[in-house]
**Student:** 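First the structure, then my questions, so here it is.
Quick note on labels: first sequence line is chain A, next is B, and so on, each numbered from 1.
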Protein chains: 2
Amino acid sequence: MRPYKHPAASDFVLERLLHALSDPVRLEIVRRLAEVGEASCGELDGGRPKSSVSHHFRVLREAGLVCTQSVGTTHMNSLRRQELDGRFPGLLDAILSQQD
Amino acid sequence: MRPYKHPAASDFVLERLLHALSDPVRLEIVRRLAEVGEASCGELDGGRPKSSVSHHFRVLREAGLVCTQSVGTTHMNSLRRQELDGRFPGLLDAILSQQD
DNA sequence: GCCATAGTTCTAATATTATCGAACTACAGA
DNA sequence: TCTGTAGTTCGATAATATTAGAACTATGGC
């Protein structure tokens, strides 16, 4: 279906990743994805308008954090753990293991 | 001299810290501080105007990353490693150990 | 084909952030 | 006290980001 741009791990940029995770909505999305493995956008919208949620998923995608693929009419999202750990070893775990 | 606000470690906010480090200028400042231990603002200005540099240091201070204290006419800055490691174990190291 | 569902994209409004000149404060030395 | 140095604060402008409504696309089911 839609050709999402998922950057290659070699193109991940640390500052962009940190910026993506510096928004509470996105950090929460990533935390949830880490828990449940994968989820549709709608499952993680927290009652927000679709367009806002879609925007946040795009930021996460473009930073390399999230991979989105179409499954029927829904879009399934998951963390790009392997590639993130390859490019930035230990970083995602260090961030996700923190508590508020 | 000026009463800088250095937030208590218990008031550090993860999102704020990530945001502070998501700017290339600030990330570079923090990297340098990690190398040299401490430095004045002027030593890390990278040729930028004073007001810009001062702004970035303020963001870093308010996020809890940097401690600034007056020594004569200069302001010495250093990372708040102890407190950062206490509040967010492993986070700073995980970020600083990444390469571009 | 028609309709509902899931998300995206477009667009505009608002808010936040970055940048930098200029005026200001604090301190040290002559 | 006058001067220079180091940084801060103020104010304006420009750049980015967030939010959300509305129109659009793609898919599945009837």
**Student:** Charged N to carboxylate O below 4.0 Å: is that the case for K5(B) and D11(B)?
**Tutor:**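 No salt bridge links K5(B) with D11(B).
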**Student:** Just the rounded figure in Å: distance from C1' of dT5(C) to NE2 of H75(A).
**Tutor:**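 Spelled out: NE2 on H75(A) to C1' on dT5(C) is 11 Å.
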**Student:** Does a side-chain N or O of S52(B) approach OP1 or OP2 of dA18(C) to a distance below 4.0 Å, or not?
**Tutor:** no
**Student:** Check the hydrophobic clustering (I, L, V, M, F, W, Y; side-chain heavy atoms under 4.5 Å; chains of links allowed) and say if Y4(A) and L84(A) are grouped together.
**Tutor:**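 No, Y4(A) and L84(A) fall in different hydrophobic clusters.
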**Student:** If you only use heavy atoms from C-beta on, which nucleotide in dA18(C), dA22(C), dA6(C) is closest to the side chain of S51(B)?
**Tutor:** dA22(C)
**Student:** dT18(D), dT17(C), dA6(D): which one has an atom nearest the side-chain heavy atoms of K50(B)?
**Tutor:** dA6(D)
**Student:** Among residues 25-43 of chain A, which contact DNA chain D at a heavy-atom distance under 4.0 Å?
**Tutor:**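 The stretch gives R26(A) as the residues lying under 4.0 Å from the strand, ordered by number.
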**Student:** Does dG7(D) have its OP1 or OP2 closer than 4.0 Å to a side-chain nitrogen or oxygen of Y4(B)?
**Tutor:**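 No, no such contact exists.
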**Student:** The side chain of T73(A) is closest to which nucleotide in this list: dC20(C), dG28(D), dT8(D)?
**Tutor:** dG28(D)
**Student:** Kindly compute the distance separating CZ (F88(B)) from CG (L18(B)), expressed to the nearest 0.5 Å.
**Tutor:** 8.0 Å
**Student:** Heavy atom of residues 53-68 of chain B under 4.0 Å from DNA chain C: which residues?
**Tutor:** H55(B), H56(B)
**Student:** Would you indicate what T74(A) reaches in the nucleic acid, counting non-hydrogen atoms under 4.0 angstrom: base, sugar-phosphate, or nothing?
**Tutor:** sugar-phosphate
**Student:** Without decimals, in angstroms, what is the distance between K5(A) NZ and dT8(C) C1'?
**Tutor:**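 The answer, rounded to whole Å, is 13 Å.
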**Student:** Applying the 4.5 Å side-chain criterion to the ILVMFWY set and letting contacts propagate, would I95(A) and V13(B) be lumped into a single cluster?
**Tutor:**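 The answer is no; the residues belong to distinct hydrophobic clusters.
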